[in-house]
Amino acid sequence: MRAIRCRSCGEVQPPAFFCRSCEAIQALPQDTDYFTVLDLPAHPGVDVAALDRRYYELSRKLHPDRYQTRSADEQRASVQATALLNAAHKTLRDTEARGRYWLTRSGDGLGHETQSVPPRLAAYVFDVQEKLDELRSSVNGSKATLRSELVETQRELTERLERQRAALVDLLRGWPADPDAGSALVPDERIPAALRELKSALSELSYLRTLDRDLQNALEA
Amino acid sequence: MARIVGIDLGTTNSLVAVMRDDRPEILPDAHTGSPLLPSAVSLLNDGSFLVGDAARRRAALHPHASILSVKRFMGVGLEHVDAQDVREHTFDQTSGALGIVLRDDAGGTRKVSPPEVSSLILRELKRRAESALGEEVTRAVITVPAYFNDSQRQATRDAGRLAGLDVLRLVNEPTAAALAYGLDRQEEALVAVFDLGGGTFDVSILQLREGLSEVLSTGGDTRLGGDDFDRRLMTLLQQEADVGGNAQWSAEDLAILRDAAERAKRELSSADVATVELSLGAGTRVVRISREAFEVASADLVERTIARCRQALKDAGKQARDVDHVILVGGATRIPAVRRAVETFFGKAPHADIDPDAVVALGAAVQAGILSGASTDMLLLDVVPLSLGIETMGGVFTRLIDRNTTIPAAAREQFTTAVDDQTHVEVHVLQGERELAKDCRSLARFRIPIEPATAGLPRVEVTFLIDANGILSVSARDVRTNREQSIEVKPSYGLTEEQMESMLEEAFDLAEEDFAQRQLLEARVEAESILHATQKAERLHEQLLDVEERATIDRAATALREACSGTDHNRIRDLVEALNEASRPFAQRIMDASIKVALESKSAYEIAG
């Protein structure tokens, strides 16, 4: 956690939107940790209701509308602070975005893995792609049958997406507590496995969504 | 502390409102009491401008010197102006920003930019507010359509600046309407705002949640409004008035029919039948139009608004039954058939207790109250209407900030060089939802200066910041030296800072800057129209006029003409009244004759039928 220097009284302190001694509004760097921004425990299993409450509470204090009668400097700080708050809220509110953020924050990323077929999905994807190709090259006679098969495939896919999303929520909720937080009960070695699982889950979701879009386009064509 | 006013800068009409005793209130014109200021501007021969009602009346006789809906041209390029506007106005884009060329009667021309024209309207509203409040007004909240992009918002803010107003906030019109109804206080609600103005139709689907207003979708038609309903009525009036079936309508006849159609439309909002008198070239006619006939003739227009509502809901991923509140905005929503259709489509009665012409301005005043610190329980969180991004390799549009992101919002992007010793990097900023840069709306271009070095070594981080008004600013920082870099942004359609400065210096002469001067100009406009009408009547109805009466009328007309070259507006008004008086018996005879014709033709028709 990088310390900041208050833009009003100069005191050096941990990052927060209001100076701990003079209470002046602070424009935190845009790369400030999102959990710090929302003053939430650094854990990927976020309670969305609590997140929203915190967001509205901070919005009321930071929003530029509250600084219209203040100095130009404070107004600028308010715009930057609110932009950061909005970005943090948007990212942490969405499960997948939060998962990706957590991955990056843990020094990892999805990289180009989203481009190739995730191994656990290979057979399934192959099957759906084949049906899509068949539909594209089919003659009118067999088209209707294929279409109804694909409609069924899409229904299955939608269910699968929902299951995977629910699994991601569970994964994040049950994330091993941060060892930095001083919990000696959780052994470090659980983290790498969890990160690998998170990575697979995210790339699978991303791949399934693309597949779903392809199906939708094929059915609409 | 000086008050902040709320302004609805509309396509057809504009209004100003302020918070008084915790309630928003429209500030009407001090002399006429009218809450609406027509968004019309007209260039006079002396190079000054008329604004408002007088300008709108003047536009009928001097179309090339006048602009009636400048909002259509705010922050756009010539390529976005539609064909009908190109026919009606002369545009000039040689200096980069779009200009409109106005021609006065003396053959003089004057090029004006849309923000300048809008600033004249804003100055009039500012003056109106100042005379009502008895204090100087320098700060305002102005409403804009939810779909306005960065350039259009910037142009609106520039107009405010040119008018001497510090625009504290631009608020989306549908959001302002929801604020006026206090709907933002609801825990959670889905709101449809149905805005049928004079010339434009907008529908917006809003999600309100604890003071957060999110625009889920917008739709509409920039060429559909109350004027179209007037035109349908006009056609009906023509059919009814054209007894012989082969009338040739002069330009003046058409102007009279247009006015009559508007009156009939208002009448039909409360009555089943409207009766209008038409003093046409061929004689005066009295025509009756039933509401039913009007509704049949305009059914397709109503259906078009509903089709747009259907699309907006689809875009928002919602069903009509999900909508909790429907708000009516715009004078044309007074048309009973429109209300009925809205109610049927959404399955619930729309909110209509607040005057639909005033509701947006009232909401702007509520937001002004929030900004002044008067109300702290409310907070409006708006979203950016269109995705913002930059052009990358191969003309691809790369999004940096997605549409519907809550504002203020920021995005960072690192840039580097592709060849050795490159001295700058060009960045092209766009807004839109398409894949290719060429399909999105260009906002601005800027270049980042780079210290010559090996390709790929320099790193410049650019921060794109969208403020609470939805307006973009850009800053750059050299990552290696951590030095802030200044970059000059060249707007694609708006005015550059230099152009703004020079406009501020040579701020336009507003004709009515001083009240007496303005009264004089308005009196002259009125005199001009009555002199014109008198002359026409004399020509057309010569047989109804005896020599002596004609001489009396002509004397009055000559006196009025002479007074017009003077500067005494009271004298002009008196002589206008005198001319009216002198020609009254003549006007009465014209009317009687036409009623007789109408009755005769009616009975002939009935016998035949």
Side-chain angles (χ1 to χ4, degrees), chain A residues 2 5 17 25 27-32 34 37-38 48-94 96-97 100-101 104 158 213 216-217 220, chain B residues 1-2 4 139-141 166-171 179 187-188 209-212 214 366-384 400-402 404-414 461-473 475 477 479 482:
Chain A
R2 265 180 319 180
R5 180 187 293 277
F17 283 122
I25 184 170
L28 300 179
Q30 293 291 322
D31 55 3
T32 304
Y34 287 170
V37 166
L38 282 148
V48 173
L51 171 76
D52 282 349
R53 265 200 310 280
R54 189 79 192 114
Y55 170 65
Y56 291 126
E57 190 189 323
L58 280 167
S59 286
R60 280 176 205 283
K61 289 184 190 161
L62 294 171
H63 198 274
D65 283 6
R66 295 276 182 265
Y67 289 84
Q68 288 295 337
T69 54
R70 309 286 192 84
S71 71
D73 192 38
E74 281 174 296
Q75 289 190 20
R76 245 192 323 273
S78 144
V79 172
Q80 285 171 1
T82 312
L84 174 62
L85 174 70
N86 286 337
H89 178 247
K90 189 181 174 165
T91 305
L92 297 189
R93 199 174 196 284
D94 179 79
E96 278 182 66
R100 280 193 298 273
Y101 182 72
T104 319
T158 308
R213 203 176 51 223
Q216 188 65 37
N217 288 344
E220 278 172 6
Chain B
M1 164 134 37
I4 306 171
R139 298 182 303 167
V141 168
D166 184 8
V167 182
L168 296 185
R169 192 84 142 78
L170 297 173
V171 183
L179 264 183
E187 276 284 289
E188 195 161 341
R209 197 172 54 216
E210 297 178 49
L212 186 141
E214 189 180 345
V366 172
Q367 177 66 20
I370 296 175
L371 297 186
S372 67
S375 34
T376 52
D377 56 328
M378 276 189 270
L379 177 67
L380 197 64
L381 301 181
D382 243 326
V383 297
V384 61
L400 297 178
I401 297 174
D402 286 331
N404 283 339
T405 297
T406 310
I407 50 179
R412 286 168 298 149
E413 187 72 14
Q414 278 202 10
E461 184 181 86
V462 176
T463 302
F464 300 82
L465 185 66
I466 299 183
D467 70 12
N469 300 306
I471 290 180
L472 173 74
S473 65
S475 61
R477 184 176 62 92
V479 177
N482 205 20

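Naming: A, B, ... by sequence-line order, numbering from 1 per chain.
- In terms of heavy-atom pairs under 4.5 Å with chain A, the best-connected choice from D467(B), T405(B), T463(B) is T405(B).
- When all heavy atoms of A83(A) and L465(B) are compared, the closest pair comes out as CB-CD1, 3.9 Å.
- Counting only heavy atoms from C-beta outward, the side chains of L371(B) and R66(A) never approach each other to under 4.5 Å.
- In this structure, the separation between CD on Q68(A) and CZ on R169(B) is 7.5 Å, given to the nearest 0.5 Å.
- T69(A) approaches S372(B) most closely through the heavy-atom pair CG2-O, 4.5 Å.
- Both the backbone and the side chain of D31(A) come within less than 4.5 Å of a heavy atom of chain B.
- Contact annotation: the side chain of H89(A) never approaches that of T406(B) to less than 4.5 Å [non-hydrogen atoms, C-beta and beyond].
- Q80(A) CD to S475(B) OG: the interatomic distance, rounded to the nearest 0.5 Å, is 7.5 Å.
- Interatomic distance, CD of Q75(A) versus CG of L168(B), reported as 8.0 Å (0.5 Å rounding).
- Residue I4(B): no heavy atom, backbone or side chain, is found under 4.5 Å from chain A.
- Remark: R5(A) CZ is loosely packed, at most 12 non-hydrogen atoms of other residues, nucleotides or ligands lying under 6.0 Å away.
- Of the two parts of N86(A), only the side chain, counted from C-beta on, holds a non-hydrogen atom closer than 4.5 Å to a non-hydrogen atom of chain B.
- Contact count versus chain B (heavy atoms, under 4.5 Å) is highest, among L84(A), V79(A), L85(A), for V79(A).
- Only the backbone of A409(B) comes within contact range of chain A, judged by heavy atoms closer than 4.5 Å.
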